[in-house]
Amino acid sequence: VQLQASGGGLVQPGGSLGLSCAASGGIFRINAMGWYRQAPGKQRELVAAVSIVGSTNYADSVKGRFTISRDNARNTVYLIMDSLRPEDTAVYYCYAAVGLRNFWGRGTLVTVSS
């Protein structure tokens, strides 16, 4: 499974940004898809995930601000980030779960700064 992420960039606090991640190869075996992030000096943490049937879960820190969705026809997962805060600054990684293994996309940097 290969994952190609896009989006990210620089945004001011309170602003919005969107990420997308398209999967290819072995896509019929994908279960959950989602996003992790890693801020400088911190461990990678789960941001949001969506199951193949559309069930979602979010980190407490992003609930009410981030929205994850998935287009199974396009094999793509999206993350809409609203009301961004400086503490959301991190490299964001999309992933796809196949059985007990996660496949990862290249990280994309999100910087929230004035």
Side-chain angles (χ1 to χ4, degrees):
V1 176
Q2 294 81 45
L3 299 171
Q4 182 65 49
S6 59
L10 174 64
V11 63
Q12 292 188 343
S16 299
L17 210 56
L19 304 178
S20 63
C21 179
S24 61
I27 56 178
F28 296 106
R29 300 178 294 146
I30 294 175
N31 297 314
M33 297 182 75
W35 299 87
Y36 276 73
R37 68 184 180 187
Q38 187 165 20
K42 294 188 177 181
Q43 289 187 330
R44 191 176 293 193
E45 62 173 355
L46 176 67
V47 177
V50 56
S51 74
I52 194 169
V53 296
S55 300
T56 59
N57 68 290
Y58 296 90
D60 287 344
S61 60
V62 307
K63 282 181 181 176
R65 301 188 297 120
F66 290 13
T67 304
I68 191 170
S69 62
R70 177 173 176 172
D71 184 337
N72 288 329
R74 289 185 167 85
N75 307 305
T76 301
V77 62
Y78 305 93
L79 186 69
I80 304 300
M81 304 179 288
D82 296 318
S83 302
L84 281 160
R85 304 167 180 169
E87 54 264 38
D88 295 316
T89 295
V91 177
Y92 284 69
Y93 299 89
C94 66
Y95 80 94
V98 178
L100 298 178
R101 181 180 175 183
N102 283 350
F103 291 83
W104 297 94
R106 280 190 172 186
T108 183
L109 178 63
V110 172
T111 303
V112 184
S113 175
S114 54

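Between Ala23 and Leu3 the shortest heavy-atom distance is CB-CD2, 3.5 Å. In terms of heavy-atom proximity, Pro13 sits nearest to Ser114 at CD-N, 3.7 Å. Of all the heavy atoms in Gly25 and Gln2, the pair that sits closest is CA-OE1, 4.0 Å. Across all non-hydrogen atoms, the minimal contact from Ser20 to Tyr78 is CB-CD2, 3.7 Å.
Hydrophobic clustering of Ile, Leu, Val, Met, Phe, Trp and Tyr side chains at less than 4.5 Å, counting indirect connections, keeps Leu109 apart from Val112. Under a hydrophobic-cluster definition in which Ile, Leu, Val, Met, Phe, Trp and Tyr are linked whenever side-chain heavy atoms come within less than 4.5 Å, directly or via other members, Leu46 and Met81 are assigned to different clusters. Each of Tyr95 and Tyr92 belongs to its own hydrophobic cluster when Ile, Leu, Val, Met, Phe, Trp and Tyr are linked at side-chain heavy-atom distances under 4.5 angstrom. Tracing side-chain contacts under 4.5 Å through hydrophobic residues (I, L, V, M, F, W, Y), one never reaches Leu79 starting from Trp104; they form parts of separate clusters. Leu19 and Val1 fall within a single hydrophobic cluster, where Ile, Leu, Val, Met, Phe, Trp and Tyr side chains are chained together by heavy-atom contacts under 4.5 Å.
For Arg65 (side chain) and Ser83 (main-chain N/O), a donor-acceptor pair under 3.5 Å exists by modelled atom type. With hydrogens and angles ignored, the 3.5 Å screen pairs a side-chain donor or acceptor of Arg70 with a backbone N or O of Val50. A distance-only check finds a donor-acceptor pair linking the side chain of Tyr58 to the backbone of Ile68 [under 3.5 Å].
Dense packing is recorded around CD of Glu45, with more than 12 heavy atoms of other residues, nucleotides or ligands lying under 6.0 Å away. Taking a 6.0 Å sphere around CZ of Arg106, one finds it holds 12 or fewer heavy atoms contributed by other residues, nucleotides or ligands. When the shell of 6.0 Å around CD of Gln43 is examined, it contains 12 or fewer heavy atoms from other residues, nucleotides or ligands.
Here the CD atom belonging to Gln4 is positioned 11.0 Å from the OG1 atom belonging to Thr76, to the nearest 0.5 angstrom. Note: Met33 CE to Asn102 CG = 11.0 Å, rounded to the nearest 0.5 Å. From Arg37, atom CZ reaches atom OG1 of Thr108 across 14.0 Å, with rounding to the nearest 0.5 Å. Separating the CD1 atom in Ile52 from the CG atom in Asn72 is a distance of 5.5 Å, to the nearest 0.5 Å. The CG atom of Asn57 sits 8.0 Å away from atom NZ of Lys63, with the distance rounded to the nearest 0.5 Å.
A heavy-atom distance below 4.5 Å is found between the side chains of Ser113 and Leu10. Contact check for Trp35 versus Val77: side-chain heavy atoms found under the 4.5 Å cut-off. At least one side-chain heavy atom of Leu84 sits less than 4.5 Å from a side-chain heavy atom of Phe66.
A salt bridge does not link Arg85 with Asp88: every distance from a Lys NZ or Arg NE/NH1/NH2 to an Asp or Glu carboxylate oxygen is 4.0 Å or more.
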